[in-house]
Amino acid sequence: MSKIEIKNAEGKAVDTVELSSDVYGIEPNIPVVHQVVVCQAASMRQGTHATKNRSAVSGGGVKPWRQKGTGRARQGTIRAPQWAGGGVVFGPTPRSHARRTNAKEVKLALRSVLSGKLADGELVVVDSLNFDAPSTKQAVALLKNLELAGKRVTVVVSDEDVNTFLSFRNVEKVNVIGASEATAASLIDNKALIMSADVAKYFGEVLA
């Protein structure tokens, strides 16, 4: 089991929690993390890029001059690619950039990221993130007490904790996500990862 300190809202260590070594204590598999992050980034692309080829450009239905006798090169349409305003050759077309990733690789990437964060001292576990009401002021104070103000931070909250989500979502350089929507890319792209002890144990159960 891997041990980590639990901090309160004042930033003081109040307890320790034992986390699953199978999730928080493995040797990070960097190639798998890279593969999963690239696949997830590619899947987020809209793929709506498009250009018009010679058949899609408006106009050009009439042969610009007769085939022979003018001394100029033969042309069939003013929308051919060599003409200004003509179609684009081999341009991008709308398509899906999504890539398939094995479920085991996705879980391994998440375990690798969490283990790396714990080893690097960038995982912060707090006793509770439950806010009685949405309060950005309290969220900023919590970050200041944890000495994380002004840093790129990812806050992982339980899916039912709406008040905490609303409290952090408008703080600069803070990305707040629900535990069930956490990805390798969202967990690794920060200088600190904050979660409650319950969320940390949740990951230990679903990723073991």
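Throughout, residue positions are numbered sequentially from 1 according to the sequence presented. It should be emphasised that the depicted structure is a prediction, and the values quoted were computed from it without experimental measurement.
- By the 4.5 Å heavy-atom criterion applied to side chains, Leu129 and Val155 are counted as neighbours.
- Smallest separation of non-hydrogen atoms from Ala182 and Phe203: CB-CZ, 3.9 Å.
- Ring orientation note: the planes of His97 and His49 are nearly perpendicular, at an angle over 60° on the 30°/60° scale.
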Report task. Apply side-chain contact (heavy atoms from CB on, under 4.5 Å) to Leu110 and Leu187, showing your working. Result -> CA-CA 8 Å; Leu110 286 170; Leu187 296 182; 3.7 Å; yes
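- Atom NZ of Lys201 sits about 9.5 Å away from atom CD of Glu18, to the nearest 0.5 Å.
- Thr77 contributes a side-chain N or O that, together with a main-chain N or O of Gly60, makes up a donor-acceptor pair within less than 3.5 Å.
- Residues Val37 and Leu207 are members of one and the same hydrophobic cluster, defined by side-chain heavy-atom contacts under 4.5 angstrom among Ile, Leu, Val, Met, Phe, Trp and Tyr.
- Side chains of Val174 and Arg169 form no contact here, defined as non-hydrogen atoms less than 4.5 Å apart.
- Taken together through direct or relayed side-chain contacts under 4.5 Å among Ile, Leu, Val, Met, Phe, Trp and Tyr, Val14 and Val125 form part of one hydrophobic cluster.
- In summary, the side chains of Lys12 and Asn145 do not present any donor paired with an acceptor at a separation below 3.5 Å, with no hydrogens or angles considered.
- For the pair Asp161 (side chain) and Val157 (backbone), a donor-acceptor distance under 3.5 Å is absent.
- With hydrogens and angles disregarded, a donor-acceptor distance shorter than 3.5 Å links the side chain of Ser186 to the backbone of Thr183.
- Side chain of Thr154 to main chain of Ile194: no donor-acceptor pair is present (N/O by atom type, distance under 3.5 Å, no hydrogens or angles).
- Across all their heavy atoms, Ala179 and Val156 have their closest contact at CA-CG1, 3.7 Å.
- Distance check, rounded to the nearest 0.5 Å: CG of Asn102 to CZ of Arg100 gives 5.0 Å.
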Query raised in the report: After noting the C-alpha distance and the side-chain angles of Asn190 and Val153, does the key distance pass the side-chain contact (heavy atoms from CB on, under 4.5 Å) rule?
Result: CA-CA 5 Å; Asn190 52 66; Val153 176; 5.7 Å; no
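- Linking ILVMFWY side-chain heavy atoms closer than 4.5 Å, directly or via other members, places Tyr24 and Val124 in two distinct hydrophobic clusters.
- Under the 4.5 Å side-chain heavy-atom criterion for Ile, Leu, Val, Met, Phe, Trp and Tyr, Phe165 and Val199 are members of distinct hydrophobic clusters.
- Contact annotation: the side chain of Glu122 never approaches that of Leu193 to less than 4.5 Å [non-hydrogen atoms, C-beta and beyond].
- Screening Ile26, Val32, Val33 against Arg111 for a side-chain contact (heavy atoms from CB on, under 4.5 Å) leaves a single residue, Ile26.
- Ser112 places no side-chain N or O within 3.5 Å of a backbone atom of Pro28 that could act as its donor or acceptor partner.
- The number of heavy-atom neighbours closer than 6.0 Å to CZ of Arg152, taken from other residues, nucleotides and ligands shown, is above 12.
- A donor-acceptor pair is defined here as one N or O able to donate and one able to accept, closer than 3.5 Å; no such pair exists between the side chain of Arg54 and the backbone of Val88.
- When the shell of 6.0 Å around CD of Gln46 is examined, it contains 12 or fewer heavy atoms from other residues, nucleotides or ligands.
- With values rounded to the nearest 0.5 angstrom, Arg72 atom CZ is found 4.5 Å from Trp65 atom CH2.
- The number of heavy-atom neighbours closer than 6.0 Å to CD of Gln82, taken from other residues, nucleotides and ligands shown, is above 12.
- Nearest heavy-atom pair across Gly11 and Leu146 is CA-CD2, 3.9 Å.
- Residues Leu123 and Met195 meet the side-chain proximity criterion, which asks for heavy atoms closer than 4.5 Å.
- One distance of note links CG of Leu108 with CD of Gln35; it measures 10.0 Å at 0.5 Å rounding.
- Checked by atom type and distance alone, the side chain of Glu205 never pairs as donor or acceptor with a backbone atom of Tyr202 at under 3.5 Å.
- A 4.5 Å side-chain heavy-atom check between Phe168 and Leu143 finds at least one atom pair inside the cut-off.
- Here the shortest heavy-atom pairing between Ser167 and Ser135 reads OG-N, 2.8 Å.
- No single ILVMFWY cluster, assembled from side-chain heavy atoms under 4.5 Å apart, contains both Ile177 and Val162.
- Ala98 and Ser43 get closest at one heavy-atom pair: CA-OG, 3.6 Å.
- The closest donor-acceptor contact from the side chain of Asn53 to the backbone of Ser55 lies under 3.5 Å.
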Query raised in the report: Given Lys63 and Gln75, is the side-chain contact (heavy atoms from CB on, under 4.5 Å) satisfied, shown in steps?
Result: CA-CA 7 Å; Lys63 189 175 176 67; Gln75 301 292 330; 5.8 Å; no
Query - Working for side-chain contact (heavy atoms from CB on, under 4.5 Å), residues Val140 and Lys144 - result: CA-CA 6 Å; Val140 172; Lys144 185 176 181 180; 5.5 Å; no
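- Although no hydrogens or angles enter the test, the distance criterion places a donor-acceptor pair under 3.5 Å between the side chain of Arg79 and the main chain of Ser58.
- Side-chain contact between Gln40 and Val36 is present, with at least one heavy-atom pair separated by less than 4.5 Å.
- Residue Asn163 comes nearest to Pro134 through the heavy atom pair OD1-CD, 3.3 Å, listed as atom of the first residue, atom of the second, then distance.
- Using modelled atom types, no side-chain atom of Asn170 and backbone atom of Thr136 make a donor-acceptor pair closer than 3.5 Å.
- Side-chain contact between Asp15 and Asp127 is absent, with no heavy atoms from C-beta onward closer than 4.5 Å.
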